[in-house]
S.K.: 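Here it is, the structure, as structure tokens.
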Protein chains: 4
Amino acid sequence: MNQTLAIDGTLGSGEQRSGADLRDDLRSDLLRRYRQVRQLTEQLAQPLSPEDQMLQSMPEASPTKWHRAHVTWFFETFLLQPYLSGYCVFDEHFGYLFNSYYEAVGPRQPRPERGLLSRPTAGAVAQYRRYVDAAMTELIGQADPGTLEAIAPLVELGLAHEQQHQELLLTDIKHALAKHPFAPAYLPPQTYTREAAAPMEFVAFEGGIVTIGHDGDGFAFDNEGPQHEVLLRPFRIATRPVTCGEYLAFMEDGGYQRPEFWLSDGWAMVQQEEWQAPLYWSRSPRGSWQIYTLNGRRAVDPAEPVCHVSFYEAAAFAEWAGRRLPTEAEWEHAARSPLRRANGHFLDRLSPHPRCCNTPAGVLQMFGEVWEWTRSAYEPYPGFRPAAGAVGEYNGKFMVSQMVLRGGSCVTPPGHIRPSYRNFFPPAARWQFSGIRLAEDA
Amino acid sequence: MNQTLAIDGTLGSGEQRSGADLRDDLRSDLLRRYRQVRQLTEQLAQPLSPEDQMLQSMPEASPTKWHRAHVTWFFETFLLQPYLSGYCVFDEHFGYLFNSYYEAVGPRQPRPERGLLSRPTAGAVAQYRRYVDAAMTELIGQADPGTLEAIAPLVELGLAHEQQHQELLLTDIKHALAKHPFAPAYLPPQTYTREAAAPMEFVAFEGGIVTIGHDGDGFAFDNEGPQHEVLLRPFRIATRPVTCGEYLAFMEDGGYQRPEFWLSDGWAMVQQEEWQAPLYWSRSPRGSWQIYTLNGRRAVDPAEPVCHVSFYEAAAFAEWAGRRLPTEAEWEHAARSPLRRANGHFLDRLSPHPRCCNTPAGVLQMFGEVWEWTRSAYEPYPGFRPAAGAVGEYNGKFMVSQMVLRGGSCVTPPGHIRPSYRNFFPPAARWQFSGIRLAEDA
Amino acid sequence: MNQTLAIDGTLGSGEQRSGADLRDDLRSDLLRRYRQVRQLTEQLAQPLSPEDQMLQSMPEASPTKWHRAHVTWFFETFLLQPYLSGYCVFDEHFGYLFNSYYEAVGPRQPRPERGLLSRPTAGAVAQYRRYVDAAMTELIGQADPGTLEAIAPLVELGLAHEQQHQELLLTDIKHALAKHPFAPAYLPPQTYTREAAAPMEFVAFEGGIVTIGHDGDGFAFDNEGPQHEVLLRPFRIATRPVTCGEYLAFMEDGGYQRPEFWLSDGWAMVQQEEWQAPLYWSRSPRGSWQIYTLNGRRAVDPAEPVCHVSFYEAAAFAEWAGRRLPTEAEWEHAARSPLRRANGHFLDRLSPHPRCCNTPAGVLQMFGEVWEWTRSAYEPYPGFRPAAGAVGEYNGKFMVSQMVLRGGSCVTPPGHIRPSYRNFFPPAARWQFSGIRLAEDA
Amino acid sequence: MNQTLAIDGTLGSGEQRSGADLRDDLRSDLLRRYRQVRQLTEQLAQPLSPEDQMLQSMPEASPTKWHRAHVTWFFETFLLQPYLSGYCVFDEHFGYLFNSYYEAVGPRQPRPERGLLSRPTAGAVAQYRRYVDAAMTELIGQADPGTLEAIAPLVELGLAHEQQHQELLLTDIKHALAKHPFAPAYLPPQTYTREAAAPMEFVAFEGGIVTIGHDGDGFAFDNEGPQHEVLLRPFRIATRPVTCGEYLAFMEDGGYQRPEFWLSDGWAMVQQEEWQAPLYWSRSPRGSWQIYTLNGRRAVDPAEPVCHVSFYEAAAFAEWAGRRLPTEAEWEHAARSPLRRANGHFLDRLSPHPRCCNTPAGVLQMFGEVWEWTRSAYEPYPGFRPAAGAVGEYNGKFMVSQMVLRGGSCVTPPGHIRPSYRNFFPPAARWQFSGIRLAEDA
């Protein structure tokens, strides 16, 4: 429910919070949601030993322990220190250790060296979280009306921020465990029934002047606005993401050997990195394709959406298929249309992997399963201005050299996503659950 | 004349070529322009010794000799081999040596190792050019009507391509000579009168649905189309590019020390590369700022347009100034408007450096002087499809991780530019004559 | 006692082991020493959390946990698998994970990625150690006479090997903790009385034909033999290592700014790495020199031996001092002479740091306190042949591009060192407790 | 003649120069040899175009033009400036450009960027050489007796230095031309008669105390002394260098695939650099081994000495062969013995490549053909002190991390070598004409 509502552009309990006399509802809603989100983080870390939580397998990924502490530091820095009178920071060193990139807040541990932070231990981070949770509970529970109004959007931001790190916690530990020579699983294997995927069809949209971006109702990141009009040409978009089986056909047709499908930078990566398949694919000794999932290694299922491909691979696949990737405006327009039907799955703690789409009609799985690369570079919307102060560093300063992804994935926490939601990664990134949806000119 | 016409979207002699009975005019026009363009290349190389023509100071830049041979190989490969019956290639090795990046044409010398090509010598490259020129003269002069029609657009492409390399020849040799410990000049110093720059003002545009892209009349690169409509919000654009004096004010206000002005990647570059000023600026022993030009080192002139800045610096300057960069659609719309007045200078072989703008009214210097960074990533226009065959590799495969620049510079050959012309470089590139024009929301 | 005896070239209980009827003594001696050595490793790891034990701060250093497992794998691979009938390996994966560099034994985890081994956990490694200890106890305790004879030298080798890793465990964790932004101490601070160092004097040796290398009595590594004669010229050697105070005089005289003192490679390192002082030295906010020790950071004590200097720094200091470093033959000859007096300290688990030498006569501290760089490259002795089989990879294959160090340090386990003992590191290495003893021609 | 005398430890005209009344002979001898050596450099550069003379294919190699200028700068700096009154330097910039590594003389062009020095041109360097030659002729011709005595050893040093660069000029241009995709030849091909190599035998030496190093008669570099005694064990040394045919047997026996033959660093290089054969070997399309020589590419001749191998390959070959490399003392002792017979060839300008040894008796080809890697690291001899002043930087500061090679090669100028001559390169270097002579314990 909550999830569906969120996708329609409102927060689950948006209605209640709007009335002035509903302040207590706001308070209890914030508290409830604070508790839920914070608890989920710890649940995600639970299968991991203190040693696992130290792993940093590349500069772009962070240790589990660091994620747990960083999101906590966010509440401490932007909520508790300014708003909770008499608050003492848990450890004055943590500002240096757990600031991610906020230049305005001060110097910090270099990103590639987060894996060297043996101290604080995983246990000490758990203490830090409890300490901050107690203080946050006090702050939300006892804030006077003016303060409550001031902090509510910051708490929303902090929770949305923590949800982003929940997803990263999983993508990062997946990358790290996969680098271990024996690739241990994060969770025990899950059995499931294999099904055939519904056929891929294309749904037509007329284009014209359409409205894009967040409408201001409920929480959104600053990069989702301002809402604005865009002129679209007629286009068609696929009913579902590309499957592993379809991607295998590309591979078997020489996809990784034929430069004519590739952007120049992409072809350079193929050769430099010796890419032959999506990340986490490997050949079994008998030659069949295996895939490493958070539940361990198993055979590739041709019906499930392909993921862990870079933008380069997505674009090459589209070229091979005689199609193209959608722009982010096309994607959002389609996602807001009544033609959108059943969503995919969001984070399922037992089986965090994209699943086959077998519903036969409508534009499907726009949300959930895999992030979908668009053909749009990550740029500011017309009229965009970052928020004032340190939280203004949240999005705007990354608006170059990245591509927009849309729709969320099987490791995106439920309730986190919206039609206007803009994710972004460099075109070579493969460690997110990133997949492909095709489009074409109508 | 020719230059102004070209900017208005037509080639100098477009009218004549349109009539069927004007084939001879087309032939003689092609021959004349072929000769002019080819001659200019050799004139630009003339001040350089064989040793200078070998220099490759970074992987992105190419030796003069290589430019001279590569543009010749282009005519040999795409014109002479397919269309001139009985043509023998000058040297069968040259395909390997002087193919830039056409995967469809075969393997080639790695780009960072072009500086290791001592053979062929500069003299042998001159021979190669004369050999191909003779064959091209024969081809154009004697082609039957059908062939003439087929080759005319390819000759246009070859000439436009050679003009691009004329500009690169100058930017690349500038980079190489500046790396020499004594920074020899490419040309003797020029005296000139210093003037004050006209004040920077902002001209308003209403926005709405505007038409962008090449209209199909006269030559254009494939990336300039299809022509299409874009929805613009009201905006204002500066009357002229930012000057060195204005940029110095940014520097003196801590521009290179304050992260709040910078995109995250840009700030990382500032620190990694220890940028303190535009490329080619250095402090004299007495502390004043000097600039290295193709005419040698001299004092910075505060009135002339700042150039050799990266996109990161352009964006940081705009942020500091409380403005922003224009999008490429805004830029093109302004450039097509009747408010556009006097242009800047294009390639002047005696004094290839941007000059002060002192005309007091209208949107000025949109063309010439400096390439202007836009806030737009280099992406395909709606409906874009690359040309078929190897020449289709010309533009489309670079459409990622680059930013669009508009307007041409003081080293762009006259007649080369158009309002729809899209140049593109990675955001960190500084060795082009790239400058800044500000814009803002209206 | 044991320690002194060992330095004189015999193992503590060498006498007893030589008689045939003393087999039980041999057995119990091996068992006792096996237990002692194995226990010390665990004691050294004890102050470290599971997270600390994961740290790998550079490719040359290994995680604590890896050291603990690798030395155990050595016993499993070279003793238990060949000699204990019915032995089952603890985990078949461990051969891949914990082989250091034995090509003959098979492939292995790349050295720079040992820090990615979150599994097995520190706890699982403890289990592995107990499992192997039980089997080793069984093997030593119950071996028949022939087997006992065969395994005794391998057990000796395994114990000497583990002692080497005890030292590395400390130098590696020191490096890792020092990289933490707050440089936590491995052990609590220790108070101690500061004393003045005895003056440095030079003791003369006549040279001539002297005997160098291990005499075959008691355990030694293969690189210590064959024993052979060397022709020495008369020389003098310093009575004690160089102190921090003496090294500070070099620094204050521009030691790190004046190329004339440096080997060419050394000067390149000074500039590239921006060396200004020994490793672990830093300036306090008030400008005085601080040193990071395993007991935490404190002021530099001018009387204590300088350590954590590279060969380059040792050679530059000697050049500045108008002296030179001793050759390894000179060093060994002096160390075997009756002029050698009191030794320095070996591993003291409470205060692992070199101490001031204040005994006033004789050649002092040849053993213990700091490893002393010699002017000798690490080369095979005349007639050297490595042992057959995998253990032959122990020393010989490293005999290039390294310099010999002699004498052991304050983190070398007691009983481990001998006059013939040859340690070796690349000339730029600084993370060992490496110091300087001067010599000169007589 | 001259050549044989030089090998016996005296300079060609040593006798004449010793008497005081023979000053005019000294003068004319110096002048004659100055002219010869200087002329040879220009002859070696003659086949190369200005562009060829710019090539720098790796940081360790220098452009031909740079060699020509650097050796000239040496005379200008160490002879003309101090000793020729009224001398004006040719160009004050050249000190920066053409200083190789003399810290005492001032800053200089970074070594890896010598290839960026398009100015001065090859022609200007020729002028520089003539200018300095005229001044040197004046200095030598007119120096008063005291000055003549002072400059004579410096002129000798300058000539020996230029001869070293003659060899480097050839090895460096070979490396650069081989990097060109079509590997042009430096000289036209030479036909020659293939012969069988004499069988490799081993000649025994008794060892004992032997004298090593330069005896002070005639010119030598400072690193060849002081002469001193060394104690050798009995050994045998091969009668000739290893041939290509013998090396092929090693390759065919899995030499590059079997780690057991290799030093650890060597094996790492094999894998990192994918070494499969000596430098400049390649397989023809039909699978046979080709070799690139200064006379172009041709089939490998199994009878000729193998060259362009690293120390690592030399040591691995010796290990495979069940032998070892000689130490430098063994080598020099053998080279000084009456058992030494016919030498190999030194620099032959028509055919600079090592030749087959087919003389049937004695220790052969110790001098000429290929530099022979020894098992000795490059260290100071006992009592070594570098010369005072800048020329003291000539040798001593490189005495670490390099291995000694002995005997000269087919590109060493005649008259340059001596039994005490010590060449040195890092163990991975392959671009010198470096080969293998085996030894073993007697």
Side-chain angles (χ1 to χ4, degrees), chain B residues 45 47-59 61-66 68-69 73 91-99 106-127 172-186 296, chain D residues 45 47-59 61-66 68-69 73 91-99 106-127 172-186 296:
Chain B
L48 299 167
S49 71
E51 287 100 327
D52 291 335
Q53 296 196 32
M54 277 274 288
L55 291 171
Q56 182 175 37
S57 52
M58 61 174 172
S62 297
T64 300
K65 186 173 69 178
W66 191 91
R68 292 171 60 213
W73 166 87
D91 185 319
E92 59 179 15
H93 289 152
F94 285 13
Y96 183 88
L97 300 179
F98 299 122
N99 175 0
R108 62 205 166 280
Q109 177 75 352
R111 184 167 185 163
E113 296 181 14
R114 289 176 184 164
L116 295 182
L117 300 176
S118 63
R119 323 271 177 104
T121 61
V125 167
Q127 283 184 295
D172 293 359
I173 196 67
K174 183 173 184 179
H175 191 267
L177 293 176
K179 276 239 172 175
H180 191 285
F182 311 119
Y186 164 70
Chain D
L48 299 167
S49 71
E51 288 99 327
D52 292 334
Q53 296 196 32
M54 277 275 289
L55 292 171
Q56 182 175 37
S57 52
M58 61 173 171
S62 298
T64 300
K65 185 173 69 178
W66 190 92
R68 291 170 60 213
W73 166 87
D91 186 320
E92 58 180 14
H93 289 152
F94 285 12
Y96 182 89
L97 300 180
F98 299 122
N99 176 0
R108 62 203 167 281
Q109 177 75 352
R111 184 167 185 163
E113 297 181 13
R114 290 177 184 164
L116 296 183
L117 300 177
S118 62
R119 322 271 178 103
T121 61
V125 167
Q127 283 185 296
D172 292 359
I173 196 68
K174 182 173 183 178
H175 191 266
L177 292 177
K179 276 239 171 174
H180 191 286
F182 311 120
Y186 163 70

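Residue numbers start from 1 in every chain, and the chains themselves are labelled A, B, ... in the order their sequence lines are given, proteins ahead of strands.
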S.K.: Which heavy atom in D/His180 sits nearest to a heavy atom in B/Ser118, and how many Å separate them?
M.R.: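 That would be CD2-N, 4.2 Å.
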
S.K.: To check you understand the geometry: which heavy-atom pair defines the closest contact between D/Leu55 and B/Leu116, and what is its length?
M.R.: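 Distance-wise, the nearest heavy atoms are CD2-O, 3.4 Å.
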
S.K.: Below 4.5 Å, heavy-atom pairs only: which of D/Leu48, D/Leu177, D/Leu117 has the largest tally toward chain B?
M.R.: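 Top option by heavy-atom pairs under 4.5 Å: D/Leu117.
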
S.K.: Minimum heavy-atom separation for D/Ala185 and B/Arg119, please, with both atom names.
M.R.: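 In terms of heavy atoms, the two residues are closest at O-NH2, 4.1 Å.
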
S.K.: Against chain D, label B/Gln53 side chain, backbone, both or neither, depending on which of its atoms sit under 4.5 Å from a heavy atom there.
M.R.: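 It is neither, since no heavy atom gets under 4.5 Å.
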
S.K.: Between B/Thr121 and chain D, with a heavy-atom cut-off of 4.5 Å, which part of the residue counts as in contact: side chain, backbone, both or neither?
M.R.: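 Both backbone and side chain of B/Thr121 come within 4.5 Å of chain D.
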
S.K.: Okay, side chain of B/His93, backbone of D/Phe182: is any donor-acceptor separation there less than 3.5 Å?
M.R.: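 Side chain of B/His93 to backbone of D/Phe182: no pair is present.
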
S.K.: Is a donor on one side and an acceptor on the other found under 3.5 Å between the side chain of D/Glu51 and the backbone of B/Met54?
M.R.: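 Looks like no, no N/O pair under 3.5 Å.
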
S.K.: Report the residues that fulfil side-chain hydrogen bond (donor to acceptor under 3.5 Å, both in side chains) with D/Ser57, sequence neighbours left out, ordered by chain and then residue number.
M.R.: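 By the side-chain hydrogen bond (donor to acceptor under 3.5 Å, both in side chains) rule, D/Ser57 matches D/His175.
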
